[in-house]
Amino acid sequence: MTRDLKDTVFLPRTDFPMRGGLPKKEPELLAHWAAIDLYGKLRQDGAERAPFVLHDGPPYANGNIHIGHAVNKILKDVVIRSQQMQGRNAVYVPGWDCHGLPIEWKIEEKYRKAGKDKDEVPVLQFRAECRNFAAEWVGIQATEFRRLGVEGDWQNPYLTMAFDAESAIVREIHKFLLNGGLYKGAKPVMWSVVEKTALAEAEVEYQDVTSPMIWVRFPVVTAPTPVLNGAAVVIWTTTPWTMPGNRAVAYGEDIPYAVYTVTEAQEGSLAKVGEKLILAQALAEGVATSAKATFAKGADVAAADLNGAILAHPFRGHPEANGGYDYPVPLLPGDHVTSDAGTGFVHTAPGHGAEDFDLGRKFGLEVPRTVDADGSYYAHVPLFAGARVYTPEGKPGDANGKSISALIAQGALLAKGNLKHSYPHSWRSKAPLIFRTTPQWFISMDTNDLRARALAAIDETQWVPPQGRNRIHAMVESRPDWCISRQRAWGVPIALFLSKADGQPLKDEGVLNRIASFFETEGADAWYNRPAADFLGPDYDPADFDQVFDIVDVWFESGSTHAFVLERRNDLSSPADLYLEGSDQHRGWFHSSLLESCGTRGRAPFKAVLTHGFALDEQGRKMSKSLGNVVAPQQVMEEYGADILRLWVVGSDYSEDLKVGKEILKSNADLYRRLRNTLRYLLGALADFTEAERVEPAAMPDLERWVLHRLAEMDAIVRQSTKEYDLHRLITELHNFCAVDLSAFYFDVRKDSLYCDAPTSARRRAVRTVLERLFVTLTAWLAPILCFTAEEAWLAFLVEGDDARRAAWPESVHLRQFPDIPADWRNDALAARWTVVRDVRRAVTGALELKRADKTIGSSLQAHPTVYVQEAHQAALAGLDLAEISITSGITVMVGAAPEGAFALADVAGVGVVFGPAEGEKCERCWRILPEVPAAAEGVEQLCHRCDDAVGHHV
RNA sequence: GGGCUAGUAGCUCAGCUGGUUAGAGCGCGCGCUUGAUAAGCGUGAGGUCGCAAGUUCAAAUCUUGCCUGGCCCA
């Protein structure tokens, strides 16, 4: 051969590498976007378009991001980008939750390590350190989020600790004060006697301790049914000291009870022979054992028989109590009562337990204040004044003993013993805790019909998936009033003044405005920094008021973001189109935002809420350090890159929990390769493509028009799934399209034309026209998901194109829109024909596979099969070259029954294939075996007619 | 214990209001190609549809219970 024919073949040519090298490439793209101010250009681009507002739920600024953050931010980013590319101006303002307990802890820890106590530190200094701590993590997390490819207004995020935010938050609190929703109440909280402070659930740890346990008689005073006459209800408790706080006894509505008579009492028993006790049937025997007695079961007592009964407090009539315990003790139904342990009756002290408190609220019981901050009884408590629950060192005090001896004196004690059980302790001092009543601020669920409004707003919101509606509806329906006060330092104070005269909060708008104004310019520190007179102004005397220093629940703060972010920023508006968070936020941010907004604006701050599940390991278990199954996003970045992580998120069914681990990441990397190589192949095939080469669809072969039809179908799917936030469907369809329709079929078939046809050939021009459309369309569709790879491919497209291309297209794929697909590309009749054609093709490739297996052929170009088809098939094949489509050198199509032994596929009826070898010589250029190719001879180029012609063009 | 929710091939997922041999992609095995080559093509093997009852002529699909997970509460 005189020249190398390979040089005349138009092989794919591109610098877009097969391997992404994402861990290295992605940071380069981030730098590039920063350099061209992509965010600014996006805003400029979308300025005239309809806004799309996705309001960011603020993560907590106190540590590196974990996989859950990554899931959330990636989903948001994909939604934002796809909305932007579908005609909206999708502004994304990231935010952070900056106040709160976990940050306080970190700062306290620092002090403790330095041997200092938190209380020695001036509050303003403490708050300043918290602020610095939060600011530092905001910076770190922002970097980590951006590394995921999340685009947004990172220069101007929102922070709950920003002065304007603190001011807006206090204004929201004031709104509740003015509309009557805010009230001061009392609530039992976990309290450390040692530290003299309330503790949050997260600060509590459980340790085993041995406590006294007692069984106590509550004599029936008023019996709704005669069976109860003369009997006593028995309760069991491990906190005898709470008896002074008793205001009720709870029973279970589904628990069978009975009257028992004591028939026998052993030595030392406190039971009295002949006395009648009411107990749960399932527990009576155990009580008898504990009481060292024998019981005889009497009449059954149903829950209905207990309803309305009134009991006597065991201390009733105590000679030294001055009648302090002579109040009625009602029997009340409680859902929390079980027959697992105890007696089936629960001693209820509303000031000493959460369930007791809730039951008390439900039935209007008094919440007595019995114990002071140091663990001693207030002077007003009969019999117990000055007694200690725990000493200041955290050791048991004398209150339990006093209670037990009073019970014995009253003849109320039925039995006693000791129990080793799990009991709450302070995380720091390790001292045991108590439940203690403290004054707190609440937002009423009933004032201004808040509950009803919130429920109505839930129904006006679109929940994705729809089950979310039920979840939050059930919570709002049954939740108690919202306790918004915390006895803490790092947060926004509930900035109010209480009148010393009547304890009522001052509702003077002038004062409230002054407070908010100072906060606006100086931050909430002003509350600690300035004298009260500055806020009260000339009309009030500071001596007449107490200043409230409780801070507000951080959920109230984040629940107010709609007020200081959506409403205040010019680039956003309220209500938001979408809130998008993990499903735990039904209890959290969705919930607090809903209540806050319904309480102040009467409606939800969102039109739609999308929730996603949690990241679990490959076995579907929660990630934990101890299980060693934690997947860190930073690690995935290093090993695979952000696009793999993004692909994983979008490829999972995120309406449920998402599983992740080594194998799953690996398979996502495989999926990614296919998408990347599709783009790479397109780029290679489009080398030197210019506008002059383009042809109209009408002039294209059927196969090209079929591809355009598929693009039209895909376009409908892409738009629909974007609209429904069904990103999972989107990526699945895109991947299948790339793998099945393009790579395995269209690209494979068209390689011959692309590589070997003359550049001027109508067929090749049509192919390249379609490939260009495919590239342009696929990069747009993939851009929201594979934001780095789509950009990398797009930049290659611009660099490898001509000046006209660079002038015609935006400099970034993210500044594009999803391409408009002409409606007439859709051709269902054509598609139906191609379904038949591909069935016949499958029969052919199936037949060839057998010959390949027995080594008759290697390449399919060595074959020239005969295909027997029905008339319907023939009609579908009309005008098509089945050899070209099947990638054989020739093919013979016969209408009629296939001979005996012909190859057939079970699911392709009426098609039979008989193998035949391709006859002739192999074209040295296109490798087809055709009779027209001249025989090998010295000085002869073995070329088919087409290649001979094409080589002529190739100078 | 309560509310919400899930359990389909090794993996990610389809399977609508019950109806022929349960599908797809990936992975895996085998083969081909060596002009997408750390790529591409073909083909094959993989499923007690979590378990058990029940309703029905018929259930992955409906009902109940149980098991194993998840989130939020208690």
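Below, read A as the first sequence line, B as the second, and so on, with proteins coming before strands; counting in each chain starts at 1.
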Exercise. Are OP1 or OP2 of B/U5 and a side-chain N or O of A/Arg471 less than 4.0 angstrom apart?
Worked result: no

Exercise. For A/Asn677, which residues count as a side-chain hydrogen bond (donor to acceptor under 3.5 Å, both in side chains) partner, sequence neighbours excluded?
Worked result: none

Exercise. When the C1' atoms of B/G31 and B/G18 are considered, how many whole Å apart are they?
Worked result: 42 Å

Exercise. Does A/Thr845 or A/Leu671 map to a spot on RNA chain B nearer the 5' end, using the closest nucleotide for each?
Worked result: A/Leu671

Exercise. Taking atom C1' of B/U37 as reference, at what distance in whole Å does atom CG of A/Asp748 sit?
Worked result: 14 Å

Problem set entry | For atom CG of A/Leu682 and atom P of B/A36, their distance in whole Å | 14 Å

For this session: Take atom CG of A/Leu679 and atom P of B/A39, then tell me their distance rounded to the nearest Å.
Result: 16 Å

For this session: Using side-chain hydrogen bond (donor to acceptor under 3.5 Å, both in side chains) as the criterion, list what pairs up with A/Gln585, not counting sequence neighbours.
Result: none

Problem set entry | Distance, P atom - from B/A14 to B/C57, rounded to whole angstrom | 32 Å

Exercise. Which part of the nucleic acid does A/His735 contact within heavy-atom distance under 4.0 Å: base, sugar-phosphate only, or nothing?
Worked result: sugar-phosphate

Problem set entry | N or O in side chain of A/Arg673 less than 4.0 angstrom from B/A36 OP1/OP2 | no

Exercise. If you measure from the P atom in B/C51 to the same atom in B/G10, how many Å do you get, rounded?
Worked result: 13 Å

Problem set entry | Sequence-distant partners of A/Asp748, salt bridge (Lys or Arg N to Asp or Glu O under 4.0 Å), two or more places apart | A/Lys751

For this session: Determine the interatomic distance between P on B/G15 and the same-named atom on B/U55; round to the nearest Å.
Result: 29 Å

For this session: Assign A/Arg729 to base, sugar-phosphate, or nothing according to its heavy-atom contacts below 4.0 angstrom with the strands shown.
Result: nothing

Problem set entry | Closest heavy-atom pair and its distance - A/Trp589, A/Trp555 | N-CZ3, 3.3 Å

For this session: Sequence neighbours left out, what passes side-chain contact (heavy atoms from CB on, under 4.5 Å) with A/Pro17? Give chain and number order.
Result: A/Arg676, A/Glu792

Exercise. Expressed in angstrom and rounded to an integer, what is the separation of A/Trp463 atom CH2 from B/U5 atom P?
Worked result: 14 Å

Exercise. Which atom names give the shortest non-hydrogen contact between A/Cys738 and A/Leu675, and what distance separates them?
Worked result: SG-CD2, 4.0 Å

Exercise. Considering only heavy atoms, which members of residues 623-630 of chain A lie under 4.0 Å from some atom of RNA chain B?
Worked result: none

Problem set entry | Nearest-Å distance for atom pair CG/C1', residues A/Leu675 and B/G25 | 11 Å

Exercise. What pattern of brackets, bars and dots sums up RNA chain B from 5' to 3', given Watson-Crick or G-U wobble pairs under 3.5 Å, [ ] for crossing pairs and | for another strand?
Worked result: (((((((..((((.....[...)))).(((((.......))))).....(((((..]....)))))))))))).

For this session: Check A/Met623 against A/Val660 and note the closest heavy-atom contact, atom names and distance.
Result: CE-CG1, 3.2 Å

For this session: Could you measure between the two P atoms, the one in B/A45 and the one in B/G65, and give it in whole Å?
Result: 41 Å

Problem set entry | A/Ser860 side chain near A/Ser886 side chain, heavy-atom distance below 4.5 Å | no

Exercise. side-chain contact (heavy atoms from CB on, under 4.5 Å) with A/Arg710: which residues, sequence neighbours excluded?
Worked result: A/Trp706, A/Glu713, A/Met714, A/Phe737, A/Asp741

Exercise. Once each nucleotide of nucleotides 6-15 of chain B is scored for protein heavy atoms under 4.0 Å, what B/S/- sequence comes out, 5' to 3'?
Worked result: S---SSSSS-

Exercise. Under the salt bridge (Lys or Arg N to Asp or Glu O under 4.0 Å) test, which residues partner A/Arg587, sequence neighbours left out?
Worked result: none

Exercise. Should A/Glu800 and A/Thr14 be marked as a side-chain hydrogen bond (donor to acceptor under 3.5 Å, both in side chains) after you check the CA-CA gap, both sets of side-chain angles, and the distance that decides it?
Worked result: CA-CA 8 Å; A/Glu800 295 173 8; A/Thr14 177; 3.0 Å; yes

Exercise. So, is A/Arg587 near the phosphate of B/C71, with a side-chain N or O under 4.0 Å from OP1 or OP2?
Worked result: no

Problem set entry | Upstream residue (5' side of RNA chain B) when A/Asp670 and A/Phe614 are each assigned their closest nucleotide | A/Asp670

Exercise. B/A39 C1' sits how many Å from A/Arg13 CZ, rounded?
Worked result: 19 Å

For this session: Would you please classify the geometry between the A/Phe590 ring and the A/Trp463 ring as parallel, tilted or perpendicular, with 30° and 60° separating the classes?
Result: perpendicular

Exercise. Taking atom C1' in both B/C49 and B/A6, what distance in whole Å separates the two?
Worked result: 14 Å

Exercise. Which pair of non-hydrogen atoms, one from A/Tyr746 and one from A/Leu771, has the smallest distance, and what is that distance?
Worked result: CE2-CD2, 3.8 Å

For this session: Kindly give the heavy-atom pair with the smallest separation between A/Lys659 and A/Trp648, and that separation in Å.
Result: O-NE1, 2.9 Å

Exercise. For the side chain of A/Ala744, counting heavy atoms from C-beta on, which of B/G25, B/G42, B/G70 is nearest?
Worked result: B/G42

Problem set entry | Whole-Å distance separating the CG atom of A/Asp726 from the C1' atom of B/C16 | 15 Å

For this session: Describe the nucleic acid contact of A/Ser743 in one word from base, sugar-phosphate, nothing, applying a heavy-atom distance below 4.0 Å.
Result: base

Problem set entry | Test: A/Arg925 cationic atom under 6.0 Å from A/Tyr755 six-membered ring centre, within 45° of axis | no

Problem set entry | Partner set under side-chain contact (heavy atoms from CB on, under 4.5 Å) for A/Lys851, not counting sequence neighbours | A/Asp854, A/Thr856, A/Ile857, A/Phe915

Exercise. Of all heavy-atom pairs between A/Ser593 and A/Ser558, which one has the smallest distance, and what is that distance?
Worked result: OG-O, 3.9 Å

For this session: Assign A/Tyr681 to base, sugar-phosphate, or nothing according to its heavy-atom contacts below 4.0 angstrom with the strands shown.
Result: base

Exercise. Can you tell if the side chain of A/Thr461 reaches within under 4.5 Å of the side chain of A/Arg469, non-hydrogen atoms only?
Worked result: no

For this session: Figure out the CZ/C1' separation between A/Arg676 and B/A36, and round it to whole Å.
Result: 13 Å

Exercise. Can you tell me how far C1' in B/A58 sits from the matching atom in B/G54, rounded to whole Å?
Worked result: 15 Å

Exercise. Are A/Phe345 and A/Trp236 near enough that their ring centres are under 6.0 Å apart?
Worked result: no

Atom pairs, protein N/O to nucleotides 28-35 of chain B N/O, distance under 3.5 Å:
residue : atom : partner  : partner atom : Å
B/G31   : O3'  : A/Lys855 : NZ           : 2.9
B/C32   : OP1  : A/Lys855 : NZ           : 2.6
B/C32   : O2'  : A/Arg852 : NE           : 3.4
B/C32   : O2'  : A/Gly858 : O            : 2.8
B/G35   : OP2  : A/Lys6   : NZ           : 3.0
B/G35   : O6   : A/Arg925 : O            : 3.3
B/G35   : O6   : A/Trp927 : NE1          : 3.2
B/G35   : N1   : A/Arg925 : O            : 2.5
B/G35   : N2   : A/Arg925 : O            : 3.3

Problem set entry | Distance, P atom - from B/C26 to B/C16, rounded to whole angstrom | 24 Å

Can you check nucleotides 22-24 of chain B for protein contacts, nitrogen or oxygen pairs under 3.5 Å, and list what you find?
residue : atom : partner  : partner atom : Å
B/A24   : O2'  : A/Asn736 : ND2          : 2.9

Exercise. Taking syn as any angle within 90 degrees of 0 and anti as the rest, which one fits B/G42?
Worked result: anti

